[in-house]
Amino acid sequence: QKDGYRYFMEKEIYEQSLVVGETLMGRIKDNSIILDELSSLDLAHIDAIKICACGTSYHAALSACYMFERLAKIRCNVEIASEFRYKEPLLDTKTLFIVISQSGETADTLEALKMAKQSGMRTLAICNVDNSSIVRTADMTILTRAGIEKGVASTKAFATQVITLWLLTLYVGEHKKSMDALTLQSEIAALLRVPLILKVSETTHEKIRRLSKRYLHGHGFFFIGRDIFYPLALEGALKLKEISYLHAEGYPAGEMKHGPIALADSELFTIALMPKNLLYDKMKSNVEELSARDSTLLVISPEPFELADDFIKTKPHTHMMGEFFEMMLITQLLALEISIRLGNDVDMPRNLAKSVTVE
Ligand code: M6R
């Protein structure tokens, strides 16, 4: 069943191009976004979005928040489901409540959804499993089409979640008329390029395989990025810690000087996500500060960076989401290769279950 791949996680990483293509299928017609699942939603009545999720799905939610506000000009707020449940949140029926879940069975996400429903909010699930508890509970559902995900470390589910949320952002922007036609057109063009971007290049994979042997020891990893690359940094760190058991944190690059940089030395590995289309110079100066403190630097960028100890060159992309998806792929492969070198069970990491049905 692994079709020649060493682990399900590896197979699922390689499947991303295909499943993202499937998730996009039938969703775009005449430069317009088709989401018939939302036909009962009156967007004129909605002025904000709240998203609840856990783990990787929470990182997809954080990514979506940047898209909703930047592109659809709608206020968005994201909360970890287990926090949301007990904080006595103030809920508003003009806010659309979204939950994101691969399994559709995550206990905290399901309970958060029930709370929102009871408060009279309109609820939408973005989920990979039809007929799951979350799908049965929500008013509306958009199914991601990742197929069965076996690896405990989520990869293709995350890619399809972000794609679905991007589609949803464009749908909201189009229907609320907060996005102009030209922007919509160029976003759609960028969206359609993603399946190609997600095709794994054997050369890059081989380079990551070779590089991984330098990143097995040391006292930890910082994945850093800015803007939408910050949730991607969180996701990169989560992938690594789940399957390698190495300490890894994701940080917004601009926040390093407010404390975390105190940890920097040559035993601290920094994985810097440096896209060209977004805040490149800001990232550059954040990374320079880490280099000045001797942190070992792995830079992922289309632009060579002279201070980097290691460098993974990405393709030139005209849209930041092209860079997002290529960097997502690279961080997933990096976690995979480090875990394999360490001799871990990639698909069934210790202490973890694929679906967390208890709180
Ligand atoms: O099924 P869900 O998306 O609701 O699961 C949420 C998390 O438990 C899940 O994303 C977890 O963090 C993964 N192991 C991440 O790789």
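We're numbering straight along the sequence, starting at 1. Note that ligands are numbered from 1 as they come in the structure, with each ligand's atoms numbered from 1 the same way.
- Geometric assessment of Arg75 against the ring of Phe68 yields a negative cation-pi assignment under the 6.0 Å and 45° thresholds.
- No cation-pi contact links Lys11 to Tyr14, judged by a cut-off of 6.0 Å to the six-membered ring centre and 45° from its axis.
- When only non-hydrogen protein atoms are considered, atom 15 (C) of ligand 1 lies nearest to Thr56 OG1, 3.0 Å.
- Interface of Ser101 with ligand 1, defined as ligand atoms under 4.0 Å from a residue heavy atom, comprises 1 (O), 2 (P), 3 (O), 4 (O).
- Ring geometry for Tyr215 versus Phe269: interplanar angle over 60°, hence perpendicular rather than tilted (30 to 60°).
- Of the candidates Gly55, Cys54, Ser355, the one placing a heavy atom closest to atom 6 (C) of ligand 1 is Cys54.
- With respect to Lys50 and Glu79, a salt bridge is recorded, a charged nitrogen being found less than 4.0 Å from a carboxylate O.
- A salt bridge is absent between Glu235 and Lys241; no separation between the charged side-chain nitrogens and carboxylate oxygens falls under 4.0 Å.
- Applying the 4.0 Å criterion to heavy atoms of Ala153 picks out, from ligand 1, the atoms 16 (O).
- Remark: Lys156 engages Glu15 in a salt bridge, criterion side-chain N to carboxylate O under 4.0 Å.
- Here is the list of ligand 1 atoms found below 4.0 Å of a heavy atom in Ser57: 2 (P), 3 (O), 10 (O).
- Salt-bridge check for Arg293 with Asp265: failed, with every basic side-chain N at 4.0 Å or more from each acidic carboxylate O.
- Among the atoms of Gln161, none of the N or O lies under 3.5 angstrom from an N or O of ligand 1.
- Around atom 8 (O) of ligand 1, the closest heavy atom drawn from Asp108, Val356, Val129 belongs to Val356.
- Of all protein heavy atoms, the one lying nearest to atom 5 (O) of ligand 1 is Thr106 OG1, 3.4 Å.
- Both the sub-6.0 Å distance and the 45° axial angle are not jointly satisfied by Lys117 relative to the ring of Phe97.
- Atom 13 (C) of ligand 1 has its closest protein heavy atom at Glu242 OE2, 3.5 Å.
- Listed by number with element, the atoms of ligand 1 under 4.0 Å from a non-hydrogen atom of Lys239 are 15 (C), 16 (O).
- Some N or O of Gln102 is nearer than 3.5 Å to an N or O of ligand 1, by distance alone.
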